[in-house]
Each structure stands twice: as structure tokens, then as C-alpha cells.
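Worth knowing before you read on, the calculation uses all heavy atoms, side chains too, and leaves out hydrogens, waters and symmetry mates. Chain A is the first sequence line, chain B the second, and so forth, proteins listed ahead of strands; every chain is numbered from 1.
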Number of protein chains: 2
Amino acid sequence: MPVSIRKPRNRYHHGDLRRALVTATLQILEDHGPEGFTLREAARRAGVEHHSAYRHFADSAAILAAAATAGYAELRDAVAGTLDGMLDDDPDAVERLLAIAREYVAFAVRRPALYRLMTGPRLNESARFEELEEVIGQAYARVQAEITSGIAARQLDRDLDVVEATLTLWAALHGLASLVVMRRIKVRRDQLAAFTNRVVGHTIRGFTRG
Amino acid sequence: MPVSIRKPRNRYHHGDLRRALVTATLQILEDHGPEGFTLREAARRAGVEHHSAYRHFADSAAILAAAATAGYAELRDAVAGTLDGMLDDDPDAVERLLAIAREYVAFAVRRPALYRLMTGPRLNESARFEELEEVIGQAYARVQAEITSGIAARQLDRDLDVVEATLTLWAALHGLASLVVMRRIKVRRDQLAAFTNRVVGHTIRGFTRG
DNA sequence: ACCTGAACACCGTTCAAGT
DNA sequence: ACCTGAACACCGTTCAAGT
């Protein structure tokens with residue numbers, strides 16, 4: 001008979017089944033793409049009977065929403081990290097927006113299946129998921145703040161509509177990332193940053209001078 | 001006993017089951033979105049036992065690919081029709097590219113579920129579907145031709161890389177259409193054309209002047 | 001509180017016939 | 001040639017227990 005340990009680990013997930021299911025979902029996405037996800041497979045990888053997932057999520061869409069939320073948080077942090085890392089050099093607004101673009105596209109290429117989930121039809125009725133909407137809003141707000149301060153610094157056209165410019169950049173980033181991830185645009189990895197600079201540069205150039 | 005008619009209509013689909021399945025698929029998309037499609041539901045709407053679909057399609061992805069092919073053909077024709085309709089007035093390249101943009105976004109808004117199918121993850125391994133790739137290529141080629149002649153007419157920057165400019169515009173169109181269709185950007189319908197002009201205008205302005 | 005287990009109505013795909 | 005029908009291994013979700 002084995003010596004019993006104090007902390008009862010035999011309950012297996014110790015209340016972390018929620019996290020385990022999200023982790024399993026992210027793994028499934030990497031292994032089999034967004035279409036490979038099933039609630040049952042996630043439960044299988046987490047080592048529990050599939051019905052257990054309903055203790056932590058309303059339905060299978062809620063698990064995907066949680067994975068997408070983690071993805072947007074990573075994207076938001078990657079963008080913020082890059083911008084914060086540039087603070088010392090204080091480059092101009094165009095450079096900072098290009099840095100956002102490179103980071104955004106790099107994220108999509110780094111996690112293609114997760115990116116497709118985050119922007120794909122399975123999250124269509126995502127208004128249900130507050131936390132997801134919030135973290136998307138945070139990522140968006142960071143981009144808008146950069147454009148706002150670029151205008152204030154007179155490095156972008158002072159007549160620019162901030163909201164519309166942010167949406168324009170967002171659309172350009174998503175469009176490019178999406179086409180690259182879907183392999184409709186083929187770029188070598190070591191060319192990706194330069195390619196992103198040139199493509200998004202066209203749009204950002206449209207933001208300068210009146 | 002009913003009078004027999006010469007043409008044996010009782011075979012029900014007369015060999016048009018393929019078309020009937022694609023039509024049914026397009027209807028399902030309109031009714032329930034891209035996630036609502038199942039092979040069995042398409043067969044049900046076409047009035048046949050579900051297995052009959054395998055006589056005409058390799059698998060369920062092939063039915064979706066056929067629906068997407070029809071969608072890209074419609075998009076290609078809509079864009080071409082708009083451009084051809086402008087021939088008399090001979091407007092400049094910027095105006096013609098904006099017309100493409102408005103038509104593209106209008107198509108996506110007109111057929112949101114079809115658009116999401118056409119650009120979504122379910123068509124990921126679309127390289128299998130020759131006809132689909134071909135019709136996408138045709139739509140793409142029409143856009144590239146406009147940019148090429150815009151450069152020749154000195155209305156766009158002569159140093160523009162035609163391929164990269166086309167990819168840039170394509171990304172801008174897809175990004176905008178996608179965000180609108182996914183309801184991440186909310187625009188009133190009667191504002192959509194003007195909004196598209198302003199958003200894509202930023203990018204196209206990046207194509208002008210050296 | 002958290003997880004199991006059986007059941008239900010689906011799904012795509014394969015095998016074997018029917019006409 | 002084209003469609004049916006039964007079967008198989010899945011799926012998400014619900015109901016009812018188990019500890």
C-alpha cells in the first residue's frame with residue numbers, strides 16, 4: 001500500500017479542468033487545425049469523460065471562445081510588448097505602426113490554426129462571450145492609441161479620422177494575415193517582415209500628410 | 001393508371017443532382033450560416049437519400065468547394081460587370097479600383113455566409129479543387145489588370161510592384177469585407193459604399209505618386 | 001462540488017444491393 | 001448509371017447517478 005500524501009492529487013484535476021480543456025483545445029488546433037476540434041477530443045486529451053466539460057463550459061462553442069480569448073490575449077501582449085520595447089528609441093508613428101503590423105502577422109503565422117479560429121466563422125456569435133470581446137477591445141485600443149498619438153505628434157495627417165484609420169489598419173492587418181495563413185499569399189518566412197512592411201506601408205502611407 | 005409521359009421525369013433529378021446539391025448548399029448557407037451545412041441536410045433538401053451525394057462528389061468538402069466556386073464566379077462577374085460598365089466614362093485608375101472595392105464589399109454583405117465559406121477554414125485544403133483555384137485566379141487577375149493599366153496610364157506610381165500592389169489591395173478588400181461580415185465593424189448599409197471608399201481610399205492613395 | 005455513465009438524435013463514410 | 005438502405009464509428013447534449 002502506497003504512502004498517502006497530504007494533498008489529495010487523486011481528484012485528478014483539482015479544479016483546473018477548465019484550464020486543462022483550454023490547453024487541450026490549443027493543442028488540438030496546432031495538431032489538426034480549427035476543424036479538428038471536438039469537445040470529446042478535448043476531454044479525451046484532458047483525461048476526463050467528455051461530459052465533464054459541461055461543468056466548466058456552457059457548450060462546445062464556449063471552449064473555443066476560451067481558446068480564442070487566450071489567443072487574443074497573447075496577440076495583445078505581443079503587440080504591447082513590441083511597442084513598449086521601442087520606447088527608448090522613440091521612433092516615429094509610421095515605424096511604430098509598421099512594428100504592430102509585423103508583430104500581428106508574425107503572430108498569425110506562428111499560430112495559424114489559432115488565428116483562423118480567432119477570426120473564423122465558428123466564433124460568429126461571439127457576442128455571447130464577454131471576456132473574448134473585452135480582450136479584442138484591448139488589442140484594438142492599443143492600435144488606436146498609437147494612431148491618436150501619431151496624429152498628436154504631427155507624424156500622421158491631422159485630418160485623419162482616428163476610428164476610421166484604426167479600422168483601416170486593422171482591416172489591412174487582418175486581410176494580409178488571413179491571406180498568408182490561408183496560403184493564398186505565399187511568402188518565405190525570412191521575407192515575411194519585409195513583405196509586411198511593404199504591403200502595410202502602402203496603407204500607412206495613406207495616413208500621412210493631408 | 002396514369003398516362004405515361006415520354007420523358008421519364010420520375011428519375012427525379014435527371015442527372016442534375018449535382019446542381020441540386022450545390023443549390024441546396026447555397027440555401028443552407030443563407031439559412032443557417034457556414035456551420036449549418038451538412039451533407040445529409042443538403043441531400044435532404046435535394047430530396048434524395050444522403051448517400052446519393054457520393055455519386056457526384058468525393059466527400060462533403062467537395063460540395064462546399066463547389067458552392068464556393070459558384071460564389072467566386074459571382075464575385076468575379078460582379079467586379080467585371082462594374083468595370084465594364086465604366087468603360088464609356090473612362091474614369092481614372094483610382095476610381096476604378098474604388099469601384100472594385102465597393103463591389104467586393106457589397107458582395108460579401110449580400111452573401112455573408114457564402115463569403116465566410118469562401119474565405120473560411122473549411123476550405124483550407126482547397127488546393128484539391130482545381131475549378132475553385134481557377135476562378136479565384138480569374139478574379140485576382142482582373143484586379144491585377146486594372147493596376148497594370150493604371151500604372152501604364154501614369155495614374156498610379158510607376159515604381160509600383162504590380163504583384164505586391166494587387167496583393168495589398170486584395171488584403172485590404174478581404175480584411176474590410178471580413179470585419180464587416182463578422183460584425184466586428186458595424187456600418188449601416190446605406191453608408192457602406194462611402195465607408196468603403198474612405199477605408200480602401202487610404203490604401204489606394206498609397207499607390208499614387210512616386 | 002465535480003465527475004461518470006447511459007441514452008438520444010445527429011453526423012460523414014463505407015459496403016452491399018437494387019433498378 | 002444512378003440511387004437506396006443498412007451499418008459503423010463518430011459527434012454534442014441531456015438525464016440520472018455516483019462520491
| query | How would nucleotides 13-19 of chain C be written as a contact map, 5' to 3', with B for base contact, S for sugar-phosphate-only contact and - for no contact, using protein heavy atoms under 4.0 Å? | reply | BBB----
[X] [atom1] - [N] [atom2] separation (whole Å):
X	N	atom1	atom2	answer
A:Glu41	D:dA9	CD	C1'	14 Å
A:Glu35	D:dC11	CD	C1'	14 Å
A:Arg18	C:dC2	CZ	P	13 Å
B:Arg19	D:dC2	CZ	P	15 Å

| message | I'd like to know if A:Asp84 pairs up with A:Arg142 as an ion pair, taking the criterion as any Lys NZ or Arg NE/NH1/NH2 lying under 4.0 Å from an Asp or Glu carboxylate oxygen. | response |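 Salt bridge: yes.
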| message | Could you check whether A:Asp31 pairs with A:Arg45 (Lys NZ or Arg NE/NH1/NH2 to Asp/Glu carboxylate O, under 4.0 Å)? | response |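 Salt bridge present between A:Asp31 and A:Arg45.
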| request: Before giving the answer on salt bridge (charged side-chain N to carboxylate O under 4.0 Å, His left out), spell out for A:Arg128 and A:Asp59 the whole-Å C-alpha distance, their side-chain angles and the decisive distance to 0.1 Å. | output: CA-CA 12 Å; A:Arg128 281 167 56 193; A:Asp59 51 26; 3.0 Å; yes
| message | Restricting to side-chain hydrogen bond (donor to acceptor under 3.5 Å, both in side chains), what partner residues turn up for B:Tyr115, sequence neighbours left out? | response |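 Counting only residues at least two positions away or on another chain, B:Tyr115 forms a side-chain hydrogen bond (donor to acceptor under 3.5 Å, both in side chains) with B:Tyr104, B:His174.
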| field | With sequence neighbours excluded, residues passing side-chain hydrogen bond (donor to acceptor under 3.5 Å, both in side chains) with B:Arg44 | value |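 So B:Arg44 forms a side-chain hydrogen bond (donor to acceptor under 3.5 Å, both in side chains) with B:Glu41.
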| Distance-only donor-acceptor check, side chains B:Thr69 and B:Glu131, under 3.5 Å |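 There is no such pair (donor and acceptor under 3.5 Å, judged by atom type) between the side chains of B:Thr69 and B:Glu131.
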| query | Tell me the salt bridge (charged side-chain N to carboxylate O under 4.0 Å, His left out) pairs involving residues 165-176 of chain B, sequence neighbours left out? | reply |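 Of all non-adjacent pairs touching residues 165-176 of chain B, none passes salt bridge (charged side-chain N to carboxylate O under 4.0 Å, His left out).
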| Can you tell me if the side-chain N/O atoms of B:Arg44 get under 4.0 Å from OP1 or OP2 in C:dC11? |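 For C:dC11, OP1/OP2 do have a side-chain N/O of B:Arg44 under 4.0 Å.
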| message | Can you give me the dot-bracket string for DNA chain C, 5' to 3', counting Watson-Crick and G-U wobble pairs with both distances under 3.5 Å, using [ ] for crossing pairs and | for partners on another strand? | response | ||.|||||...|||||.||
| said: Nearest to the side chain of B:Ser52, heavy atoms from C-beta on, is which of D:dG12, C:dC3, D:dC3? | reply: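 The closest nucleotide is D:dC3.
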| task | Only counting residues at least two apart or in another chain, list the ones meeting ring pair (Phe, Tyr, Trp, His ring centres under 6.0 Å) with A:His51. | result |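 Checked A:His51 against ring pair (Phe, Tyr, Trp, His ring centres under 6.0 Å); matches are A:Tyr54.
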